[in-house]
Structures are given as structure tokens and as C-alpha cells.
Amino acid sequence: MQVFNTLSKRKEEFVPLHPPFVGIYVCGPTVYDDPHLGHGKSYVSFDVVVRFLRAKGYKVRYVQNITDVGHLLDEDGEDRVIKKARLEKLEPVEIAQKYEVRFFRDMDRLNCLRPDISCRASGHLIEMMELVSELLKRGHAYEVNGNVYFDISTFPDYGKLSRRKVEELRKGSRVEVAEDKRHPADFALWKRADERHIMKWPSPWGAGFPGWHLECSSMAMKYLGESIDIHGGGIDNQFPHHECEIAQSESATGKPFVKYWMHNNMVVMDEKKMSKSLGNFVTLDQLFRQYDPMTVRFFILQGHYRSPQEFSDEALQAAGRGLDRLARFREELLSFRNADEAVARSPFKEHKERFYRAMEDDFNTAAALSVLFDMIRDVQEHVFSSNNASAGAFACAVFEELAESILGLSFEKTAGSQGDDVSCLLDYLVEMRRMFRERKQWELADQIRNRLEKIGVVVEDGQTVSRWRKKQS
RNA sequence: GGCGGCGUAGCCAAGUGGCCAAGGCAGAGGUCUGCAAAACCUUUAUUCAGCGGUUCGAAUCCGCUCGCCGCCUCCA
């Protein structure tokens, strides 16, 4: 299996440090606002990575952090969480809690598996301080006025992930350099907090809070060991965040921190990166009012995780239609589910192999997805038209494994669309329409169909039964 | 200014040296149907931003030009 490693800038054969175990750490969200489509792309991408590694038989431990401590926003030392707390008139902890809940709510809707360990930065201050002490002890850090900085001159490899030279960093720098740093590129491990700062902790260097790269190093190493297999995150975190993680971790342990660095690309909107700070974002919650979460997942899967992805309503609608077709196909295939598949001599083994080959080539979900659509045509020929039950059963099992287990597409009806009062009424209206049709009272039958269409419900007449469904978007 | 990347049909998007350039959506024609919808079948880029070069052979490698983006500040 080939994985693109940002460290080497090429695809490498994937060999875990301690097979069959795989430790993967993915940078989690800062919980101060609702997650947007960009978060969706990132976490769906890594969800598929985890799902596929498990399908390949690896024992995966998936760790993801929750950043609830907040990072520096400006020179005043106010961080995003605190700023939001002031705006919403809540405690910082309430803000973090609130948006953590909403983050998982949206990830659940996208059918992302929960991480095996979801760890909050605020619960790991001890570990972070220990890391700072270790770096001080080893001479990789220095203390000035209650601030502790990492001394970049002690780590010659600094820049190896993002291909940057320390000398070049200074020139393009857009922020003012803190005066007490020895070198402008030195970064904070611990920051002193004044009285106004609400989120602060006592430490050997006085009251303060951790630097923004520290939590990932501490928690990744705590739960996955000093060297981990995969570290993932957004490409926009490559520098400085991941670069600093490497410097801290490797200086403290003397061991390689990460074997494979994986970075997902951005969602693009109006020709610009979708992000909070630019203001051109659409939250998942907003999106889900218009599109089914699975449509969003399907949309994400249609692109490659390392490519930028263009967001537009047209693209989302197209994704919805494509997913619809897959869902109908799956429903038809489901009638073969329990047939005897043991005797199957089927062409679908080949589809499975093609799918795996695509996924083994750096998780090419777009190519993998296309195999599913090829399957539609071939199942039509080898199962539906010949009513071949054993081939159908095999195809059904293959489809469930590929589409549902690995790609994480869920075709179960969303709650509220089944068994509630509205559904019962709709069922009755469709039944009524059927009676009109049997008596060839087309006008009355059409009237029902037209009226339902107006409230976004489509009626479809099949060979034997009529069905209704909610129209997407 | 430094580093990195992108430009493939109306839209989204795979493909990075060699069968006719995946797949989805939209479009066109057909089958089915009371009419629709859905489904199914067929079809849709002599061409991969442009110009040169390397090669028996390039969308894929190299050079230049044009356009665009990301990172260098928190960001998935």
C-alpha cells in the first residue's frame, strides 16, 4: 500500500512501526465555533483512512485532540475561546463544551467513526509542562520573564517538513517578533499570563498557558508512543504547527516523531480557501439543512484528499443525484442479500480488487467510487436481467463492504422519514393515488402527485408499487 | 520576497510515459410508462491553459509564457 508522505514528498510503501498495530493522530478542532465544510473534508478523509486500514486488517488506534485551551489571537494574549466566551457571555469552558458537542454531532451525521481517544488539551497540562521541563533540561529551550521558548538553533532539522530555511523565515514575516526571543523563529512552549487572562495554570515558570504546538506533541506521545505511524492534519497546519511539533518532540526524545505525515488539502469557495478567518465558509449545520449529510460525504469522497476541492451548489446537487442512484441500486440489490453466495462465480471479485487497488494507491476515493458505479452496470447485466441469485448475493456483500464499511456511506433512512405521522399520511396519499390510477381517473391521480411535488415530495410509480421520497435540495 | 501547488468536457473530478483520456452531474437519442418520474441502454473531450523541447511514444518528463491558489499570523 502506498501512502504519500509529506516528509519525503512522495508515495511510500506503508509499513507500520509495529505491525499489525497502527497509531494515527489527527489534529482536531479548536472548539470555539461550528465546524464548516473544510472540517468535514478533513475528518471524512481521515475517517476513510482509518476505515480502510482496519479493512486491511490493521489494529488501528485513532487519536484526535480537542483544542479547548485556545491559541494566541493577538498581542493582548486573548485567545479565540476566551474571545468567544466574552461574545456569548459564557465561561470559556462552556464555550469549549458547547462546540465540542456540536463538532461531534456534525461528525456523527457525516458518519465519521469516533476517534478511539478524543483528548482535550485542558486535561493534559501536566504532560505539557513535563515536556517543557524536559526540553529545558536538555537545553532546547530557555526561559525569559515567565515565557519559555524553544531554541530553534538547537534543532538543525527545523524546516524539514515544510522545506523552509530558517534564514528565509524572517523576511516574509508579517507579525511582530516578541522582543524576548533569542531568534525570531523561536516559538513559545509556555506563555506568561497576566491577571486579565482567564484560562491560565500555575507552572514552574509562573501562571500561564501552553504554547500552541505543545498539546499535539504531548498527547500524541502519551497515547501512541514516542514514535507514531501516521500524523494527519490540514495542509495549512504543515507550517508552522507540524514543523514545531517535530522540533519539540524529537528534541525531547531523540527519536523520530512521525513516520508518515499526511496532509489533506482545502475546500475552495469563491476561488479562495474556505476558512473562518476569511469569512467565506459554510457550516456543516447550514449545509445539512439543504443537503443530506451523506450527500456531503459523497461530495468529499469524489475528490482526492490531497487535492483542493471546489465547493458550489451545483457540485453538491450533482453529488446528491449520484448518491441517489447508488442508494436506489443498493435497495434493489438488497433483495439478494440472503441468497447463497458460497457458489458465486461472479465478476464482482474484480470490482473488489479494483476498488482495493484504488484505495491502496494513497486512498484514491474518487477512483474507488467510480468502481461502485461500474458495478451498477455490471450487476444490471449479471444479476438483475438474469436473476442470478448467487451472483447477486455476492455483489450485495461486496457493495456493503466497499460502500458502507470502507467509504462509510450510510443508506439507512434518516430519522423522521419513517414511521412518523407525516410518513403515514404520505403513504396513505400514495395509496389513494394508486386507487385512482386503477380506475383510470388520471386527473385526480395527477393532482395528488402535483400537490405533493409542491411540498417537495416526489412520487414514483414502479412496476408493482408506488413510492414517495423527499426531494433533495 | 521565500517555499509549495494547480490549470483535464457545460459543472465536479480521477489519471503523472504507451490499449479508444476513469467516474458522477448536466445534455442528446432510445426502452419502459396513461402521462410523468425513476430505472436501464446508447451517446457526448482526435484532446488535457499556451508555446517549444526530450522520447519510437507525453495530459503525464524538461524549459518558457499566461492565469490561479496555499503557506510564511490562528486555521481542517
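Residue numbers start from 1 in every chain, and the chains themselves are labelled A, B, ... in the order their sequence lines are given, proteins ahead of strands.
Taking the P atoms as reference points, B:C71 lies 41 Å from B:A38, given to the whole Å. B:A45 and B:G7 have their C1' atoms separated by 16 Å, with the value rounded to a whole Å. Comparing the C1' positions of B:A9 and B:A49 gives an interatomic distance of 14 Å, to the nearest angstrom. Between B:C72 and B:U16, the distance separating the two P atoms is 30 Å to the nearest Å. For the C1' atoms, the distance linking B:A13 with B:G50 amounts to 23 Å, nearest Å. To the nearest whole angstrom, the two C1' atoms, one in B:G17 and one in B:U55, are 9 Å apart. Between B:A37 and B:A58, the two C1' atoms lie 46 Å apart (nearest whole Å). Spacing of C1' atoms, B:G1 relative to B:C20, comes out at 48 Å, to the nearest Å.
Taking a pair to require two hydrogen-bonding distances under 3.5 Å in either a Watson-Crick or a G-U wobble arrangement, B:G7 pairs with B:C66. In this structure, B:U33 makes no Watson-Crick or G-U wobble pair, since no nucleotide meets both defining distances under 3.5 angstrom. Pairing partner, B:C71: B:G2, with both Watson-Crick or wobble hydrogen-bond distances short of 3.5 Å.
Taking the six-membered ring where the residue is Trp, the centroids of A:F348 and A:F399 are separated by 6.0 Å or more. Aromatic rings from A:F46 and A:Y62 are positioned such that their centres are separated by 6.0 Å or more. Taking the centre of each ring, A:Y43 and A:F103 come in below the 6.0 Å mark.
Among the protein residues, A:V268 comes within range of no part of the nucleic acid, since none of its heavy atoms lies under 4.0 Å from any strand. Residue contacts shown for A:V459 include a base, since a base heavy atom lies under 4.0 Å away. Across all strands, A:Q238 comes closer than 4.0 Å to no nucleic acid atom at all (heavy-atom distances). As judged by a 4.0 angstrom heavy-atom cut-off over every strand, A:H263 is placed among residues making no nucleic acid contact. Using a 4.0 Å heavy-atom criterion, one finds that A:R325 contacts the sugar-phosphate atoms exclusively. Residue-level contact check: A:R433 touches the bases, meaning some heavy atom is under 4.0 Å from a base atom. Backbone-only contact: A:Q309 has heavy atoms under 4.0 Å from sugar-phosphate atoms and none from a base. Within 4.0 Å (heavy atoms only), A:S45 reaches no atom of the nucleic acid at all.
A cation-pi arrangement is absent between A:K83 and A:Y32 under the rule of less than 6.0 angstrom and at most 45 degrees off the ring axis.
Within 6.0 Å of NZ in A:K272 there are 12 or fewer heavy atoms belonging to other residues, nucleotides or ligands.
Residue side chain A:Y43 fails the stacking definition with respect to B:A76, as its ring centre and the base's six-membered ring centre are not both under 5.5 angstrom apart and under 30 degrees in plane angle.
Residues passing the side-chain hydrogen bond (donor to acceptor under 3.5 Å, both in side chains) test with A:Y260: none are found, sequence neighbours excluded.
Scanning residues 361-384 of chain A for heavy-atom distances under 4.0 Å to RNA chain B yields A:N364, A:A366, A:A367, A:S370, A:F373, A:D374, A:I376, A:R377, A:Q380.
No hydrogens or angles were tested; on distance alone, a donor-acceptor pair under 3.5 Å links the side chain of A:K273 to the base of B:C75.
Every pair tested for ring pair (Phe, Tyr, Trp, His ring centres under 6.0 Å) that includes a residue from residues 292-312 of chain A fails, sequence neighbours excluded, so the list is empty.
By the 30° and 60° cut-offs, the orientation of the rings of A:H242 relative to A:H263 is tilted.
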